Amino acid sequence: MTLVLGIETSCDETAAAVVRDGEDILSNIVASQVDLHAQYGGIFPEIASRAHIEQIYPVVEQALETAGAALPDVDVITVTRGPGLAGSLVVGVNMAKGLALGRSLPIVGVNHLEGHIYSLWLAGPEYRFSRSDSPSADGEHIPIEFPVVILIVSGGHTELVLMTGHGEYRRLGGTLDDAAGEAFDKVGRLLGLPYPGGPSIQREAAQGNPSAFDFPRAWLRGNQGKQNFDFSFSGLKTAVLRALKECDPEYVTDEPVSEMIPVVDMAASFQAAVVEVLVGKTIRAADEHQAKEIFIAGGVSANTALRSAMVAEAGCPVRVPPLSLCTDNAAMIASAGYFRFSAGERDDLSFDVLPTWPLTR
Ligand code: KG4
Ligand code: ZN
């Protein structure tokens, strides 16, 4: 048995978790800073790193306590090394180094995006969906089969990745401008909805008409006219702004929206445009690479419209993480680190954070 302590501080969640053998969560503690940042409508980096400093020690302590474990029981410490905010990453990395040094434990630095991917190793059989099965069929555990096409959609990233084995990735495409979650957050702000925009837009969209506004879908074509696997969301955001000004010529961002703005219809139409492109490109990539499964990971994978459209349209099973593992957490970092540790990987104590670390090296 291998007990892994995972630590994650790449953005605005201070998180620690204890995971057994890469798949069993014994504890998963997340201290969110969302309320601290809500007043700025986005993440304020210096406030984030200072809040991590305050939270990291109690969060790690609580993760061990909840797991019924003490540091001497831990076999390896895994920590997010990047990508993320430098001032936030260093807090987790220094905590991990201190613990590793104090207890002579091995340490493995983990890529945050790889962490999101491994949230699917922590998801039970009820999170594997296919058109023919009912989602929680008989609770049978069906092992993950490669190759897998993965859509990583978070506040900072939108990437389409082909995974052919543990730690083996090929990037198929990604966003050329805003990340999908960033688009949700920016449009949420335009519509005067609370931060973060993703859950707010989903809530409003549930009461709106997704065909009310014909917002653009950026299918993006390569030089032979063939659609590629890249994404672009900034044009969509501009289209929403234009529609807002058409509905209310007096519209000003960051002021309460007037009654002339059909917020629910705009939210539904925006969400439909994002979902259509994310689903369309992911399914085409899965078909082209004969994927055995599709994964959706990252904060935006919490979106119910995205989940249900992917499951309804995919020709292969789709795995999505439980809601608690969609957004940033340390259990996914522990799981990803476990597979690297098992493959013999170790880092020495001199490693630095990598704020722009790509998944594919
Ligand atoms: O993965 P995550 O917690 O942090 C990053 O690594 O970025 O993702 C946060 C993002 C935010 O942009 C948030 O608006 C979005 O995930 N999000 C959602 C939903 N829940 C969170 N977007 C759409 N629908 C949701 N239900
Ligand atoms: Zn994330």
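Owing to the predicted nature of the structure, the values given are computational and were not obtained by experimental measurement.
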Asks: Could you tell me whether the side chain of Thr78 and the main chain of Val108 form a donor-acceptor pair under 3.5 Å?
Replies: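 Judged by distance alone, no pair lies under 3.5 Å.
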Asks: If only side-chain N and O atoms count, and only distance matters, is there a donor-acceptor pair under 3.5 Å linking Gln271 with Asn303?
Replies: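 Looking only at side-chain atoms, Gln271 and Asn303 do form a donor-acceptor pair, the distance falling under 3.5 Å.
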Asks: Can you tell me which residue among Gln55, His52, Glu54, Glu8 is in a side-chain hydrogen bond (donor to acceptor under 3.5 Å, both in side chains) with Thr14?
Replies: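 Only one option passes, and that is His52.
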Asks: For the residue pair Tyr251 / Glu246, report whether a side-chain donor-acceptor contact shorter than 3.5 Å exists.
Replies: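 No donor-acceptor contact under 3.5 Å links the two side chains.
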Asks: Flag yes if more than 12 heavy atoms outside Tyr57 fall under 6.0 Å of its OH atom; otherwise flag no.
Replies: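 No, because the 6.0 Å sphere around OH of Tyr57 holds 12 heavy atoms or fewer from other groups.
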Asks: Just wondering, more than 12 heavy atoms not from Asp73 lying within 6.0 Å of its CG?
Replies: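 Counting neighbours around CG of Asp73, more than 12 heavy atoms of other residues, nucleotides or ligands fall under 6.0 Å, so yes.
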Asks: Show the nearest heavy-atom pair for residues Pro216 and Leu236, with the distance to one decimal.
Replies: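 That closest heavy-atom pairing would be O-CD1, 3.8 Å.
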Asks: Would you name the heavy atoms of Lys292 and Glu145 that are closest together and state the gap between them?
Replies: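 Nearest heavy atoms, Lys292 then Glu145: CB-O, 3.6 Å.
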Asks: When you compare the side chains of Thr2 and Asp75, does any donor N or O come within less than 3.5 Å of an acceptor on the partner?
Replies: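 The answer is no; no qualifying pair exists.
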Asks: Check the side chains of Asp248 and Ser258 for a donor-acceptor pair under 3.5 angstrom, ignoring hydrogens and angles.
Replies: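 Yes, side-chain donor-acceptor contact under 3.5 Å.
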Asks: Is Glu250 salt-bridged to Lys245, cutoff N-O under 4.0 Å?
Replies: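 A salt bridge is absent here (no side-chain N lies under 4.0 Å from a carboxylate O).
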Asks: Using a strict threshold of under 4.0 Å (side-chain N to carboxylate O), is an ion pair present between Glu288 and Lys226?
Replies: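 Salt bridge between Lys226 and Glu288, a charged N being under 4.0 Å from a carboxylate O: yes.
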Asks: So Arg346 and Arg340, do their side chains get closer than 4.5 Å, heavy atoms only?
Replies: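 Contact flag for Arg340/Arg346 side chains = no.
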Asks: Using 30° and 60° as the class limits, which term best fits the ring planes of His166 and Phe146: parallel, tilted or perpendicular?
Replies: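 Rings of His166 and Phe146: perpendicular, over 60°.
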Asks: Would you say CD of Glu168 has more than 12 non-hydrogen atoms from neighbouring residues, nucleotides or ligands within 6.0 angstrom?
Replies: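 More than 12 within 6.0 Å, yes.
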Asks: Which Ile, Leu, Val, Met, Phe, Trp or Tyr residues join Val264 in one cluster when any pair of side-chain heavy atoms under 4.5 Å counts as a link?
Replies: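 In the cluster with Val264 there is nothing else; it is isolated.
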Asks: Strictly below 4.0 Å, N to O, side chains only: are Glu182 and Lys186 in salt-bridge contact?
Replies: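 Judged by the 4.0 Å cut-off on N to carboxylate O distance, Glu182 and Lys186 do form a salt bridge.
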Asks: Which pair of heavy atoms, one from Ser301 and one from Cys326, lies closest together, and at what distance?
Replies: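 That would be OG-SG, 3.3 Å.
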Asks: Can you label the angle between the His116 ring and the His112 ring as parallel, tilted or perpendicular, going by 30° and 60°?
Replies: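 Aromatic pair His116/His112 classed perpendicular.
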Asks: Please indicate whether Arg50 has more than 12 foreign heavy atoms, meaning atoms of other residues, nucleotides or ligands, lying under 6.0 Å from its CZ.
Replies: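 Count not over threshold, so no.
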Asks: Decide whether Thr304 and Gln202 meet the rule of one side-chain donor and one side-chain acceptor closer than 3.5 Å.
Replies: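 Gln202 and Thr304 do have a side-chain donor-acceptor pair below 3.5 Å.
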